[in-house]
Amino acid sequence: QATSVDPAVLYDHRRLWYSTYQFDRILCITLGRPFGIIDESMRVPLPNPWAVYQGASSSESTGFDIYSQRAHNHMFSLSMLESEIKHVQHSQVWAPKIAYPRANYAVWLQDIQPRLEEWYATIPQTTKAHPSSIFAYQAYWDYLYNNAVILLYRPNSTGSQTSPEATVLSFKASCQLIGSIKTLQREGKVDILWKSAHHLFMAGLGVIYSLWQSKEVRDRNPIGSSISALQSCASTLAAMAESFPGVSGCRDAFDTLSEAT
């Protein structure tokens, strides 16, 4: 059917589909809900950024529009990777079924790691984004990437003990995510406040958990840098609470945990 549909209409349909998919994944992955759209049921190509601009003048605004869609496509690709991470982690505790074989977690982990790294290495050039766009900020892309890394390595529902290597990687990604969101908050570029606040709070908990549970983390990282990460998280949560009162409870709980740590 795609060959007989006007490219502009097809472009809009695909954008609408992936916007719905993205919204579903933000809710379900962030809040731990079951997926509303199953990945195996979708065979929709990503919107073609150049489809509706063929023959259009090569103006600066057209270039920004094409970049914006490329950036959105890259976000959609990361959501698919995060979706896979959650699916594999949850499937580890399901009762075995012939129709739904359980993945070998160790083998799958070796497969997902380079794909995440490839995603990060192929981020569209931030210099080509509109200067006022959030996509022009490397801190935003770093935030998205490190949130996916945390999702992969933090303690999860598999029931297996978190390895020392995973704890170190989770701690590192948590500290970097805190720094990225602090930068975005300072620049007034936080995109979805409740989502960013949730991710920031979870990253802060990741730092605290790693410090309490892992001697390797404590040995590898100077006390000063750990304290700095906790203070950055606390101050950013406090700044968010000024415009989003719902963050206040998270800020207070984190302050208590941070002081105890």
Side-chain angles (χ1 to χ4, degrees), residues 22-23 25-26 29-30 49 63-82 85 113 115-154 168-208 210 221-222 224-244 246-247 250-251 254 258:
Q22 182 77 352
F23 182 59
R25 287 306 183 264
I26 286 174
I29 294 175
T30 304
F64 288 148
D65 289 339
I66 292 174
Y67 176 91
S68 179
Q69 186 58 62
R70 288 178 57 219
H72 277 98
N73 284 355
H74 210 58
M75 288 174 58
F76 299 151
S77 298
L78 183 63
S79 291
M80 293 178 196
L81 290 172
E82 290 180 328
I85 291 169
Q113 287 169 332
R115 287 190 282 139
L116 272 175
E117 292 168 3
E118 180 185 11
W119 181 90
Y120 186 70
T122 55
I123 291 169
Q125 286 181 275
T126 55
T127 53
K128 294 186 177 180
H130 191 282
S132 65
S133 169
I134 196 170
F135 297 136
Y137 289 77
Q138 184 62 40
Y140 181 68
W141 295 108
D142 291 344
Y143 156 44
L144 295 180
Y145 172 71
N146 283 301
N147 190 63
V149 172
I150 293 170
L151 188 67
L152 179 61
Y153 291 113
R154 74 186 181 198
V168 169
L169 290 169
S170 176
F171 176 82
K172 180 181 177 182
S174 295
C175 291
Q176 291 177 343
L177 185 146
I178 290 169
S180 296
I181 294 185
K182 181 180 181 179
T183 298
L184 294 172
Q185 171 70 21
R186 185 175 63 243
E187 298 293 332
K189 289 296 179 181
V190 173
D191 60 341
I192 303 173
L193 190 52
W194 71 265
K195 174 178 71 78
S196 299
H198 187 284
H199 291 163
L200 177 63
F201 181 64
M202 293 299 290
L205 291 184
V207 172
I208 289 173
S210 301
N221 298 275
S225 65
S226 298
I227 291 175
S228 177
L230 293 175
Q231 290 177 337
S232 292
C233 184
S235 63
T236 307
L237 284 170
M240 287 180 167
E242 294 180 5
S243 54
F244 182 25
V247 181
C250 293
R251 176 203 60 204
F254 184 79
S258 181

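Below 30°, between 30° and 60°, or above 60°: for W119 and Y145 the angle between ring planes is below 30°, a parallel geometry. Taking the six-membered ring where tryptophan is involved, the planes of H74 and W141 are perpendicular, since the angle between them exceeds 60° and thus also 30°.
Between the side chain of S180 and the backbone N or O of Q176 there is at least one donor-acceptor pair closer than 3.5 Å. Checking side-chain atoms of Y67 against main-chain N and O of P124 turns up a donor-acceptor pair under 3.5 Å. Side-chain atoms of K189 come within 3.5 Å of backbone N or O of S132 as a donor-acceptor pair. With hydrogens and angles disregarded, a donor-acceptor distance shorter than 3.5 Å links the side chain of S174 to the backbone of S170.
Contacts of H198 classified as side chain to side chain donor-acceptor pair (under 3.5 Å), with partners at least two apart in sequence or in another chain: none. For E117, there are no side chain to side chain donor-acceptor pair (under 3.5 Å) partners, not counting sequence neighbours. For S226, the side chain to side chain donor-acceptor pair (under 3.5 Å) test picks out no residue, with sequence neighbours left out. Considering only residues two or more places apart in sequence or on other chains, R115 meets the salt bridge (charged side-chain N to carboxylate O under 4.0 Å, His left out) condition with E84, D111. Residues that satisfy the ring-ring contact (aromatic ring centres under 6.0 Å, His included) test with F76, not counting sequence neighbours, are Y18. Partners of Q138 under the side chain to side chain donor-acceptor pair (under 3.5 Å) rule, at least two apart in sequence or in another chain, are D142.
Here the side chains of F171 and N221 are in contact, with some heavy-atom distance below 4.5 Å. With contacts defined as side-chain heavy-atom distances shorter than 4.5 Å, the pair R70/I66 qualifies. With contacts defined as side-chain heavy-atom distances shorter than 4.5 Å, the pair N147/E82 qualifies. Inter-residue side-chain proximity for L116 and L78 is flagged as met; some heavy-atom pair is nearer than 4.5 Å. Considering only heavy atoms from C-beta on, T126 stays 4.5 Å or farther from F135 through its side chain. Side chains of Q22 and M75 form a contact here, defined as non-hydrogen atoms less than 4.5 Å apart. Within the 4.5 Å cutoff, the side chain of P49 has heavy atoms near those of the N73 side chain. Taking the side chain as every heavy atom from C-beta outward, I208 and F254 approach each other to under 4.5 Å.
Minimum interatomic distance between A173 and I150 (heavy atoms only, all atoms of both residues): CB-CG1, 3.7 Å. Taking both residues in full, the closest heavy atoms of S196 and I181 are given as O-CD1, 3.6 Å, listed atom of the first, atom of the second, then distance. Taking both residues in full, the closest heavy atoms of I29 and S79 are given as CD1-O, 4.3 Å, listed atom of the first, atom of the second, then distance. Across all non-hydrogen atoms, the minimal contact from L237 to A197 is CD2-O, 4.2 Å. When all heavy atoms of L230 and S258 are compared, the pair lying nearest together is CB-OG, 3.5 Å. The two residues A229 and I178 have their closest heavy-atom pair at O-CG2, 3.8 Å.
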| Would I123 and Y140 count as a side-chain contact (heavy atoms from CB on, under 4.5 Å) if you check the C-alpha gap in whole Å, the side-chain angles of each, and the deciding distance to 0.1 Å? | CA-CA 11 Å; I123 291 169; Y140 181 68; over 6 Å; no
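Put simply, SG on C233 and CG on L205 are 8.0 Å apart, with the number rounded to the nearest 0.5 Å. Here the OG atom belonging to S235 is positioned 10.0 Å from the CZ atom belonging to R186, to the nearest 0.5 angstrom. Note that the CG atom of L184 and the CG atom of L200 stand 10.5 Å from one another [nearest 0.5 Å]. Rounded to the nearest 0.5 Å, atoms OG (S210) and OH (Y153) are 13.5 Å apart. The NE2 atom of H199 sits 9.0 Å away from the CG atom of L144 when rounded to the nearest 0.5 Å.
Defined by atom type and a distance below 3.5 Å, a donor-acceptor pair is missing between the side-chain atoms of Q69 and D65.
For Q113, the CD atom sits in a packed shell: over 12 heavy atoms of surrounding residues, nucleotides or ligands are nearer than 6.0 Å.
Screening R251, K182, Q231 for a side chain to side chain contact (heavy atoms under 4.5 Å, CB included) with T236, the sole residue that qualifies is K182.
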